[in-house]
Engineer: 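The structure under discussion is supplied below as structure tokens; questions concerning it will follow.
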Amino acid sequence: MNILQREAKSELKEKVLQFGEGNFLRAFVDFLIDELNENNLFNGAITVVQPIENGMVDMLDKQDGLYTLIARGIQNGKIINDRRIIKSVTKTINPFVDFDLYNETVKNPDLRLIVSNTTEAGICYNKEDKKENAMQNTFPAKITSLLYERYKIFNGDINKGFIFFPCELIDYNGTNLKKFVLQYAEDWELGADFINWVQKANYFTNTLVDRIVTGYPRDEAAELEKELGYKDNLIDTCEIFYLFVIEGPEEIRHELPFEKIGLNVIWTNDATNYKLRKVRILNGGHTMSIFSAFLSGKNTVLEMVSDEKLKGFLQKGIFEEIIPTLDLSEAELKNFANDVLERFANPYIKHALLSISLNSVSKFKVRVLPSILEYINRKGKNPKALVFAFASLLAFYNGTEIKNNMLIGNRGGEEYNISDDFEILEFFAEANKNLIKDNKDSVGDYVKNICAKSEFWDMDLNTIEGFTSDVSEYLFNILNGEIYEEVTKIVEGE
């Protein structure tokens, strides 16, 4: 079986420099650029730079930059299994092996876009990074060095700057990248003219990226290659859904005309509401629903949404209590929520509830608590499903023994691991020792104690009218009955 390779040399111009060769960028940005190229709307190739010493650009190079992307899931109620060969990557560079080739990239007058995914820790500042270093440690330092070379080569031409699309999963990724680049420019004394050029000739967009990428299908690879008819060591798998929100000026929008072919890319001058939509509906939907689902005997998200009552609980929380707290149009919010439900039901993704439960105290504070507070602000009452979710969180954290820095819970005689900051686990372990589960006063005191931990919630939750008493009642019923029955009552409005 022949390995996947090009039949002819690509005629695309090298317009994109991409830092990162991992599964996500190949299933996301490289896919989107490929779509534009197929429709003759960009006609640009991607040069992939390996950002760390141990990478896999050599594997890409052996396949001429080609690989198979398999997008699978449910869309509009139908199972989709889409397969395509991505052709947008035409060149790879390992700067740790060929630094001169890496430096040559900025001499290319066609180069316009810089894409990156150097992990959440990649956009940072280290004062030890110096201009004279052959290869700086931090990504912003590498970019500062490249920008300075670009500036010198083209004599400060205002039209030879770059558009940056950082895909790191941090807020204001472009703003932070620019801040650190300017800091290095000052540290290295590169001059006021260069700093002015960085600010005026370059665009640092903030982005929001959303796609679950499951990567190389190790267990299925042999079977898939047999079906495809060729060997591909870089098969990449992902869900059908994707979303790219770009916060940047209108003047650069035409350079990547995604909207002309209906791609799910949103250009905006303020991505705040789209970030809130993702955190509150997608992430918040996970966090509000997993505890009751797990304690009801489910182990994966798919199992959860395959159950009528548990899915109903999730829907109630999202559509009746979270969406009313957000400011995008109702149609936009409902469409996104329906996409989320289909994503949760993806039969190709096995998403373990226990994996999602990591660090749930801080997750609940960020993902769900703001929806509770805003619902109360707008409706003047507590949201039942979201408050029940908080009680379910407390029931999930109901363990008294810590092993290997994890709190041990018990589900019907089966032990499970609860992972969080050790201080949080210690607090719950001690509080749980004093809890008398079948005593309402004890449960009430227990809930008051947890709600008072402003270190956890950034506020004393006891100050929310009726919150503590509602949580106490829900928790008492959960601890002294069947949580699935209590979920059913919430869904049916009892």
Engineer: Over 60° means perpendicular and under 30° means parallel, so tell me whether Phe164 and Phe162 are parallel, tilted or perpendicular.
Structural biologist: perpendicular
Engineer: With ring pair (Phe, Tyr, Trp, His ring centres under 6.0 Å) as the test, would you mind laying out the steps for Phe396 and Tyr416 before giving the verdict?
Structural biologist: CA-CA 10 Å; Phe396 178 80; Tyr416 62 90; 5.0 Å; yes
Engineer: Measuring centre to centre across the rings, with the benzene-like ring taken for any Trp, is Phe344 within less than 6.0 Å of His286?
Structural biologist: yes
Engineer: Ignoring hydrogens, what is the shortest heavy-atom contact between Asn202 and Phe204? Give both atom names and the distance.
Structural biologist: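 It is CB-CE1, 3.8 Å.
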Engineer: For Tyr67, is the NZ or CZ atom of Arg26 found under 6.0 angstrom from the centre of its six-membered ring and inside 45 degrees of the ring axis?
Structural biologist: yes
Engineer: Is a donor on one side and an acceptor on the other found under 3.5 Å between the side chain of Asp460 and the backbone of Asn462?
Structural biologist: yes
Engineer: Between Phe180 and Phe139, does a ring pair (Phe, Tyr, Trp, His ring centres under 6.0 Å) hold up when you go through it step by step?
Structural biologist: CA-CA 9 Å; Phe180 294 135; Phe139 176 61; over 10 Å; no
Engineer: Between Glu492 and Lys309, does any NZ, NE, NH1 or NH2 come within less than 4.0 Å of an OD or OE carboxylate oxygen?
Structural biologist: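 A salt bridge links Lys309 with Glu492.
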Engineer: Can you give me the closest heavy-atom contact between Tyr474 and Ala391, atom names plus distance?
Structural biologist: CB-CB, 3.6 Å
Engineer: Is it true that Glu239 and Arg211 make a salt bridge, defined as a side-chain N closer than 4.0 Å to a carboxylate O?
Structural biologist: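 Salt bridge absent between Glu239 and Arg211.
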Engineer: Answer yes when Asp210 and Arg343 have at least one side-chain N-carboxylate O distance shorter than 4.0 Å, and no when they do not.
Structural biologist: yes
Engineer: Identify the residue among Leu435, Ile450, Leu479 that makes a side-chain contact (heavy atoms from CB on, under 4.5 Å) with Leu394.
Structural biologist: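 Of all the options given, the one that passes is Ile450.
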Engineer: Do Glu220 and Arg72 meet the salt-bridge criterion of a basic N to acidic O distance under 4.0 Å?
Structural biologist: yes
Engineer: Verify side-chain contact (heavy atoms from CB on, under 4.5 Å) between Asp307 and Phe313, making sure each step is shown before the conclusion.
Structural biologist: CA-CA 10 Å; Asp307 182 285; Phe313 176 70; over 6 Å; no
Engineer: Tell me, with the steps shown, if Trp267 and Phe244 meet ring pair (Phe, Tyr, Trp, His ring centres under 6.0 Å).
Structural biologist: CA-CA 9 Å; Trp267 286 87; Phe244 196 14; 8.2 Å; no
Engineer: Would you call Glu485 and Lys489 a salt bridge, using N to O less than 4.0 angstrom?
Structural biologist: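 No, this pair does not count.
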Engineer: Using the six-membered ring of Phe427, assess whether NZ or CZ of Lys453 lies under 6.0 Å from its centre and within 45 degrees of the ring axis.
Structural biologist: yes
Engineer: Hey, do the aromatic rings of Phe390 and Phe364 have their centres closer than 6.0 Å?
Structural biologist: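 Under 6.0 Å, so yes.
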Engineer: Taking side-chain contact (heavy atoms from CB on, under 4.5 Å) as the definition, give me every residue that meets it alongside Glu303, ordered by chain and number, with sequence neighbours left out.
Structural biologist: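 So Glu303 forms a side-chain contact (heavy atoms from CB on, under 4.5 Å) with Lys298, Asn299, Thr300.
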Engineer: I'd like to know if Glu35 pairs up with Arg84 as an ion pair, taking the criterion as any Lys NZ or Arg NE/NH1/NH2 lying under 4.0 Å from an Asp or Glu carboxylate oxygen.
Structural biologist: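 Here Glu35 pairs with Arg84 in a salt bridge, since their nearest N and O are under 4.0 Å apart.
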Engineer: Which atoms form the tightest heavy-atom contact between Arg378 and Pro324, and what is the distance?
Structural biologist: NH1-O, 3.2 Å
Engineer: Do Lys311 and Ser306 make a side-chain contact, defined as non-hydrogen atoms from C-beta onward lying under 4.5 Å apart?
Structural biologist: no
